[in-house]
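Structure record follows, encoded as structure tokens.
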Amino acid sequence: MYSEKVMDHFSNPRNVGEIENANAVGEVGNAKCGDIMKIYMDIQDNVIKDVKFKTFGCGAAIATSSMATEMVKGKTVDEALSLTNKAVMEALDGLPKEKIHCSVLAEEAIQSAINDYKKRNGEAPAENKCDFCCQKCNDVKND
Amino acid sequence: MNSVYMDNNATTSMKKEVLDAMIPYYTDIYGNASSKFYKIGRDAEQALYKMRESVAKSIGAANVNEIYFTGSGCEADNWAIKGIAFANSKKGNHIITTKIEHHAILSACEYLEKHGFEVTYLDVDEYGIVSAQAVEDAITDNTILISVMTANNEIGSIEPIKEIAEIAKRHKVIFHTDAVQAIGHMKINVSELGVDMLSLSAHKFHGPKGVGMLYIRNGVRIDNLIHGGGQERGKRAATENLAGIAGLAKALEIAVKDLDENTAHMRKMRDRLIEGIRKNIPYCRLNGPDDDRRLCNNVNFSFQYVEGESILMMLDMKGIAASSGSACASGSLDPSHVLIAIGLPHEIAHGSLRLSVGEDTTEEEVDYVIETLPPIIQRLRDMSPLYEGVEKGDN
């Protein structure tokens, strides 16, 4: 069902935890849908010095959180913002169709943390790229 | 421990005696039971009669010709629902069932709704039990069928079948019960229960996959689901799967013979598991009844702040096979309809884990699960943003 890379990132997730004095925190998802991702970042001079995550969700949700945090660590804010769910999926050697939304969630989580950072610095947030592939979650949010 | 199988509600291992009973119908007596003009065909026909007789005896049917073999429990359920609906549509168009039935029943009912039938899906209580009174209250002049499962496959709740059968009889409504999970786990006698129809599936009680049965009391009018030849008294076409039926009959015979011993053992294993989990894992909830209304082999817990598929994956890494009602585990976006029906919020339903023991489950295996599960739950909780506040509150 899952690729070896997904299994590796699920069983040994990188960057799990919190950052005590994070200057960027983002949370996306919904417990009702079954997945929540929370990202903590320490951003210095526009560079993501450290990043940690906490995720409630399935194997793919944990693996995409792990991979996405790996991919943005040490990158500039703009580089991190250009991270796509597709890139996360490719880095994990693919995901089953019904788990694609997990990679979307990872992309949104990174974006949400960076927008928090921008907000704290009085900058305009980046545009939400979510295409609501997970229609159900969208419905739940509108309950 | 290499592998611990804790998913006996999904399927069971097949017994050696069952396999031995099947082999001759693949090797020697391979004749078609409908080909009566030569010996090997007649041998098959006679063997089939004996198997039917054995099944009738095992479930307490009054007549051998009330036993109809099918290709699965799912087919038996579909046939019961659609066959009764279409055969009795002139009498009425109303069907009563519950919200916690297997999808074989629910999806068949939803299909009928598209064809002019009306279906009442009854609520269940927090333990997953439907009230017989609610069934009676739902009956109208148009009601042609009531279908309530004997025991639930996810949370093990045992339904008041005998009471519902009495109500159905009083109101002259046909009553079907899906006993797929119940056979081998509790005493089932169709005459004592008073049901008109009952479905079962061989692979749930150590028989082969791909063979089931529908008991239809004589006098019940039912349309065919599968049209074709004259097999099964013209009611279910297809060359009989003789080897499969032999396996079903043998497995059922053993299940009935060893019922008391097996259920006592499974109950013991189940209770050990429930107690061990409760003692070692905080913030958990047993789903389903906590008394004798629970199937002897079913354990279902929700663990707060974690998601079911992750639990399954981590258990698998430790060699434990289990199942979950979480949306992710089912490949859909919604958690189990059964867990929602008993009133669990979505987030609690997502964290469900079903462990179902079998007659061959050992104490060592149960203890291995009790030892392995708590660190897995803790590891996932430590990773969960929902657990953050709880953790801090604890300190």
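A note on names: the letters A, B, ... follow the listed sequences, proteins ahead of strands, and every chain is numbered from 1. The basis for the numbers below is simple: all heavy atoms, side chains too, and nothing from hydrogens, waters or symmetry mates. Not measured: the values here are computed from a predicted model.
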Atom group of Met317(B) that falls short of 4.5 Å from chain A, counting heavy atoms | side chain

Contact origin within Ser65(A) toward chain B - heavy atom pairs under 4.5 Å = neither

Glu388(B) with Arg381(B): basic N within carboxylate O range, under 4.0 Å | no

Which side-chain N or O atoms in residues 41-51 of chain A pair as donor and acceptor under 3.5 Å with protein atoms at least two apart or in another chain?
unit_1: Asp42(A); atom_1: OD1; unit_2: Gln44(A); atom_2: NE2; d: 2.7

Atom group of Ile36(A) that falls short of 4.5 Å from chain B, counting heavy atoms | both

Using the test side-chain contact (heavy atoms from CB on, under 4.5 Å), find all partners of Glu275(B) that sit at least two apart in sequence or belong to another chain.
-> none

Charged N to carboxylate O under 4.0 angstrom, Arg294(B) versus Asp290(B)?
-> no

Residue part contacting chain B, namely of Ala60(A), when any heavy atom lies under 4.5 Å = backbone

Interface moiety of Met1(A) toward chain B, non-hydrogen atoms closer than 4.5 Å = side chain

Counting heavy-atom pairs under 4.5 angstrom with chain B, the leader among Pro13(A), Cys102(A), Gly57(A), Ala61(A) is Gly57(A)

State whether a side-chain donor-acceptor pair under 3.5 Å links Asn12(A) with Arg14(A).
-> no

